[in-house]
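Only a predicted model underlies this, so the values are computations on that prediction, with no experimental measurement involved.
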Amino acid sequence: QVQLVESGGGLVQPGGSLRLSCAASGSVFGIYDMGWYRQVSGKQRELVAVLISGGNTNYADSVKGRFTISRDNAKNTVYLQMNSLKPEDTAVYYCNLRTKISPTSYWGQGTQVTVSS
């Protein structure tokens, strides 16, 4: 039905940058939101950024001014540009697609981001 394939994670030093990519494929009908979540082992998954179907964006307070969510319609891909990375940004990052008609969430496989010296 719907597949989300993520890429771009890795190891960076504090203050560095990464760009995560999420390519969507399959059948998606109706309007939907897309976002990025992250999860540290032993903690709850938290929302990082969301791109609303109407065009609005929202960010967690901890990443405002540092992260930017965007999309490339031609490539059916959503991005998360991560700048000024901090050690506390270390987590597995997941791409999410949520339909608004008969609300359903789809998840990517996750990509590890590690910020360390």
Contacts of Thr114 meeting side-chain hydrogen bond (donor to acceptor under 3.5 Å, both in side chains) (sequence neighbours excluded), chain-then-number -> Gln112

Side-chain cluster (under 4.5 Å, hydrophobic types only) that Leu11 belongs to, other residues
none

Could you note down all residue pairs passing salt bridge (charged side-chain N to carboxylate O under 4.0 Å, His left out) where residues 105-115 supplies at least one of them, sequence neighbours left out?
none

Cluster membership besides Val40, Ile/Leu/Val/Met/Phe/Trp/Tyr side chains within less than 4.5 angstrom, sorted by chain and number, is none

Mind checking side-chain hydrogen bond (donor to acceptor under 3.5 Å, both in side chains) for Lys43 and listing every partner two or more places apart, or none if nothing turns up?
none

Measure across Leu18 and Gly8 and return the closest heavy-atom pair with its distance rounded to 0.1 Å.
CD2-O, 3.7 Å

Can you name the closest pair of heavy atoms from Thr99 and Tyr32 and give their distance?
CA-CB, 3.9 Å

Restricting to non-hydrogen atoms, name the atom on Leu80 and the atom on Ala49 that form the minimum distance, rounded to 0.1 Å.
CD1-CB, 4.1 Å

Can you tell me which residue pairs pass the side-chain hydrogen bond (donor to acceptor under 3.5 Å, both in side chains) test with a partner in residues 5-25, sequence neighbours excluded?
Ser17-Asn83

Run the side chain to side chain contact (heavy atoms under 4.5 Å, CB included) check on Asp89 and Arg66 step by step: do they pass?
CA-CA 11 Å; Asp89 294 318; Arg66 299 189 298 120; 2.8 Å; yes

For residues 47-61, pull every pair meeting salt bridge (charged side-chain N to carboxylate O under 4.0 Å, His left out), keeping only residues two or more places apart or in separate chains.
Asp61-Lys64

Distance in Å, Thr68 OG1 paired with Tyr59 OH, rounded so as to fall on 0.5 Å steps:
4.5 Å

Output for pair (Phe67 CZ, Thr57 OG1), nearest 0.5 Å, gives 14.0 Å

Heavy atoms only: give me the nearest Asn96-Ser105 pair and the separation to one decimal.
ND2-CB, 3.6 Å

Quick one: closest heavy-atom pair of Gln109 and Val5, and the distance?
OE1-CA, 3.9 Å

Going by side chain to side chain contact (heavy atoms under 4.5 Å, CB included), name the residues that satisfy it together with Ser70, two or more places apart in sequence or in a different chain.
Tyr79

According to the salt bridge (charged side-chain N to carboxylate O under 4.0 Å, His left out) rule, which pairs have a member within residues 103-117, sequence neighbours left out?
none

Can you run down the side-chain hydrogen bond (donor to acceptor under 3.5 Å, both in side chains) pairs that involve residues 45-54, sequence neighbours left out, and say none if there aren't any?
Arg38-Glu46, Gln39-Arg45, Ser53-Lys100

Could you tell me whether Gln1 atom CD has more than 12 heavy atoms of other residues or ligands within 6.0 Å of it?
no

Give the other cluster members for Tyr94, using side-chain heavy-atom distances under 4.5 Å between Ile, Leu, Val, Met, Phe, Trp and Tyr residues; answer none if it is isolated.
Tyr37, Leu47, Val50, Ile52, Val92, Trp107

Any salt bridge (charged side-chain N to carboxylate O under 4.0 Å, His left out) involving residues 72-83? Give me the pairs, sequence neighbours left out, ordered by first then second residue.
none

Test side chain to side chain contact (heavy atoms under 4.5 Å, CB included) on Val2 and Thr104; report intermediate values, then the result.
CA-CA 11 Å; Val2 177; Thr104 304; over 6 Å; no

Which atom pair, heavy atoms only, marks the closest approach of Met34 to Ile69?
O-CD1, 3.9 Å

